Amino acid sequence: MEDIIRIKNDVGITWRIYEDESVPYDLEGKKLTLYLIGPMGRVPVTDFAVSGNTVSWVFHGKDQQYTGRYSVELCENEGDVDMHTVDFCNAFRLTECSHKASKGSDENMTLAYINLQSTVAFGGGPDVYVSAIMDKDLEMPYAFGGLPQGTRVSDLEGQTFSRLFDDILFPTVFPALTGPSAALSLAGSKLREVGAAAPSLYDFSSRLDRGSILLVGELQNLRAGELVYDKSFLFINGDPADKTLPQTMPLGAASYRFRAYYGAGPQPYDNKGKAYDAPLPAGYVDSNAVEVFGTLPWYATTAGATGGTALKQQLIRWTLPAGSMATPEFTLEPTDTSAQVISTPREITEIFVKDETSGNFIKSDLSSFAVKQEDRTINGLTQPYNTYTYTGAGRGKITIKIKF
């Protein structure tokens with residue numbers, strides 16, 4: 001059963017090495033290097049003791065930063081001729097909650113002990129594969145189990161039969177890594193009048209998706225670390241240096257993005273507990289763009305208009321060039337004291353009148369309208385407008401569309 005220990009408890013680890021099931025392998029006087037492999041990567045252990053076939057050390061609670069599975073690796077003559085390596089995958093696991101722990105969680109808070117044992121065959125032996133094939137560069141023509149096509153005889157010689165059967169019957173599966181992403185959304189309208197209040201920081205919702213490390217379809221861990229709130233920010237118009245959000249809406253589009261900073265992520269592992277790839281370093285990711293549009297309103301004497309006062313109509317996104325803004329169809333009506341009136345922030349370039357019989361819109365002209373320039377105050381800003389007043393023969397309400 002896997003030893004599960006509550007993080008921030010000292011862990012005493014004893015690891016015994018055997019040449020076979022009954023013969024201890026003497027480690028004393030040998031050049032040894034020891035590594036602890038976990039979410040923080042592959043870290044050397046420098047304060048271990050050696051006695052006979054046993055190495056021992058304490059993984060202090062003060063040095064424990066990450067939960068997750070930990071493996072150990074011992075090298076003899078690392079980097080030299082006659083180098084040997086043995087590891088113990090998934091030696092133990094650190095957890096964040098005492099109720100999930102199998103050790104190191106009692107009321108006395110005593111030192112948690114872990115006893116490990118590995119059997120190796122340094123230099124050959126009855127449990128070691130030695131091929132009768134003379135050509136040690138001969139490659140496997142097909143993949144078999146967990147051994148890939150192209151594996152050479154020399155790649156397999158010297159391995160124990162247990163290791164070979166493990167590789168054949170239990171292929172190594174590597175995790176699927178998905179990087180982090182950020183998202184930004186806005187509460188409220190994205191179409192606002194010029195001079196009206198622009199969105200504030202509190203109108204936006206931002207989110208960091210920390211990505212994932214999936215192993216055989218199951219979540220092993222998150223790819224990135226947690227969101228670093230004090231470094232993350234909104235910026236506008238594609239310039240990360242421009243973090244000052246406008247107080248009022250300008251004419252045209254304003255683009256907002258969220259830059260999310262995250263901490264370093266954990267170490268991914270394959271299905272055998274071996275470190276795969278590397279932890280994602282701390283960094284940032286930019287969100288989707290949220291565009292908010294400032295526009296000028298237009299007016300017409302539609303239902304409810306009185307005294308010749310044109311009513312504000314549904315906003316239309318401001319676009320260039322002139323003549324590219326098209327209204328939906330609307331019914332123009334005379335008021336109780338005046339004829340039909342339309343007022344737009346640019347000159348009307350086209351007008352279409354609905355044929356009530358066919359339902360089609362037929363292009364017309366503005367010859368029956370008198371036009372004059374006047375100023376309107378929009379949210380405290382003075383804007384020039386073109387006001388069109390119908391001067392033709394008497395008529396009732398009429399359904400039209402215009403472009404300006």
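From a predicted model like this one, the values you see are computed outputs, not experimental measurements. Hydrogens, waters and symmetry mates play no part in the numbers below; they use all other heavy atoms, side chains included.
In this structure, R346 is not positioned above the aromatic face of W298 in the sense of NZ or CZ being under 6.0 Å from the six-membered ring centre and within 45° of the axis. A cation-pi arrangement is absent between K243 and F235, since the terminal nitrogen or guanidinium carbon is not both under 6.0 Å from the aromatic centre and inside a 45° cone about the axis.
Within 6.0 Å of CD in E28 there are more than 12 heavy atoms belonging to other residues, nucleotides or ligands. Within a 6.0 Å sphere centred on CD of E356, other residues, nucleotides and ligands contribute more than 12 heavy atoms. More than 12 heavy atoms of other shown residues, nucleotides or ligands fall within 6.0 angstrom of atom CD in E139. Within 6.0 Å of the CD atom in E157, the count of heavy atoms belonging to other residues, nucleotides or ligands exceeds 12. In this structure, K403 places its NZ atom where only 12 or fewer heavy-atom neighbours from other residues, nucleotides or ligands lie under 6.0 Å away.
Looking at heavy atoms from C-beta onward, I4 lies out of side-chain contact with L94 at the 4.5 angstrom threshold. Considering only heavy atoms from C-beta on, I5 stays 4.5 Å or farther from T95 through its side chain. Side-chain contact check for L177 versus D277: some heavy-atom pair is nearer than 4.5 Å. By the 4.5 Å heavy-atom criterion applied to side chains, S232 and L208 are not counted as neighbours. Contact check for V58 versus I13: no side-chain heavy atoms found under the 4.5 Å cut-off. At least one side-chain heavy atom of I114 sits under 4.5 Å from a side-chain heavy atom of V11. Annotation: side chain of T151 is not in contact with side chain of Q149 (no heavy-atom distance under 4.5 Å). You'll find the side chain of D355 stays beyond 4.5 Å of the side chain of F361, heavy atoms only.
At least one donor-acceptor pair under 3.5 Å links the side chain of K136 to the backbone N or O of S131. Listed for the Q267 side chain is a donor-acceptor partner under 3.5 Å among the backbone atoms of Y276. The backbone N or O of N90 sits less than 3.5 Å from a side-chain atom of S71, completing a donor-acceptor pair. Within the 3.5 Å criterion, the main-chain N or O of F352 finds no donor-acceptor partner in the side chain of S364. Side-chain N or O atoms of D242 include none that pairs as donor or acceptor with a backbone N or O of D239 at under 3.5 Å. Looking at S358, its side chain does come within 3.5 Å of a backbone N or O of N360 through a donor-acceptor pair. With hydrogens and angles disregarded, a donor-acceptor distance shorter than 3.5 Å links the side chain of S287 to the backbone of F258. Between the side chain of Y35 and the backbone N or O of D87 there is no donor-acceptor pair closer than 3.5 Å. Under a 3.5 Å cut-off, the side chain of Q64 and the backbone N or O of N9 do form a donor-acceptor pair. Between the E374 side chain and the T387 main chain, no donor and acceptor come within less than 3.5 Å of each other.
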Self-check item: Verdict with supporting geometry, K312 and E193, salt bridge (Lys or Arg N to Asp or Glu O under 4.0 Å)
Solution: CA-CA 11 Å; K312 186 182 294 185; E193 288 186 6; 2.6 Å; yes

Practice problem: Show your working on side-chain contact (heavy atoms from CB on, under 4.5 Å) between L74 and W15 and close with a plain yes or no. | Solution: CA-CA 10 Å; L74 181 66; W15 190 9; 3.6 Å; yes

Practice problem: Begin from the C-alpha positions of L215 and F174 and carry the test side-chain contact (heavy atoms from CB on, under 4.5 Å) through to its verdict. | Solution: CA-CA 7 Å; L215 186 60; F174 299 115; over 6 Å; no

Practice problem: Step by step, work out the side-chain contact (heavy atoms from CB on, under 4.5 Å) result for N115 and R16. | Solution: CA-CA 8 Å; N115 295 302; R16 294 178 175 84; 4.1 Å; yes

Quiz prompt | Test side-chain contact (heavy atoms from CB on, under 4.5 Å) applied to M40 and Q65, step by step | solution = CA-CA 8 Å; M40 71 296 184; Q65 300 295 324; over 6 Å; no

Exercise. Assess whether salt bridge (Lys or Arg N to Asp or Glu O under 4.0 Å) is satisfied between E73 and R42, documenting all intermediate values.
Key: CA-CA 9 Å; E73 179 183 291; R42 185 170 179 264; 2.5 Å; yes

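In plain terms, the two heavy atoms of L381 and V194 that are nearest each other are CD1-CG1, 3.6 Å. Between V292 and S189 the shortest heavy-atom distance is CG1-O, 4.5 Å. The two residues R69 and Y269 have their closest heavy-atom pair at O-OH, 3.6 Å. In plain terms, the two heavy atoms of A198 and P246 that are nearest each other are CB-O, 3.2 Å. Pairing each heavy atom of D135 with each of V153, the nearest pair is O-CG2, 3.9 Å. Between L315 and L191 the shortest heavy-atom distance is O-CD2, 3.6 Å.
Between R317 and E291 there is no salt bridge, since none of the side-chain N atoms of the basic residue sits less than 4.0 Å from a carboxylate O of the acidic one. Between R257 and D286, no side-chain nitrogen of the basic residue sits less than 4.0 Å from a carboxylate oxygen of the acidic one, so the salt-bridge criterion is not met. Remark: E96 does not engage R6 in a salt bridge, criterion side-chain N to carboxylate O under 4.0 Å. Under the 4.0 Å criterion applied to side-chain N and carboxylate O atoms, D80 and K31 are assigned as salt-bridge partners.
You'll find the ring centres of F59 and Y70 inside the 6.0 Å limit. Taking the ring centroids of Y18 and Y25, they lie at or beyond the 6.0 Å cut-off. Taking the centre of each ring, Y261 and Y284 come in below the 6.0 Å mark. Proximity of the aromatic rings of F204 and Y256 is defined here by a centroid distance below 6.0 angstrom, and this criterion is met.
Defined by atom type and a distance below 3.5 Å, a donor-acceptor pair is missing between the side-chain atoms of T14 and S56. No hydrogens or angles considered: nothing links the side chains of Q340 and T301 as a donor-acceptor pair under 3.5 Å. In this model, a donor atom of one side chain and an acceptor atom of the other lie less than 3.5 Å apart for S343 and R376. Counting only N and O atoms by type, the side chains of N386 and Q373 include a donor and acceptor under 3.5 Å apart. A donor atom on one side chain and an acceptor atom on the other are found under 3.5 Å apart for Q313 and T302.
The line from CE of M325 to OG1 of T349 is 11.0 Å long, rounded to the nearest 0.5 Å.
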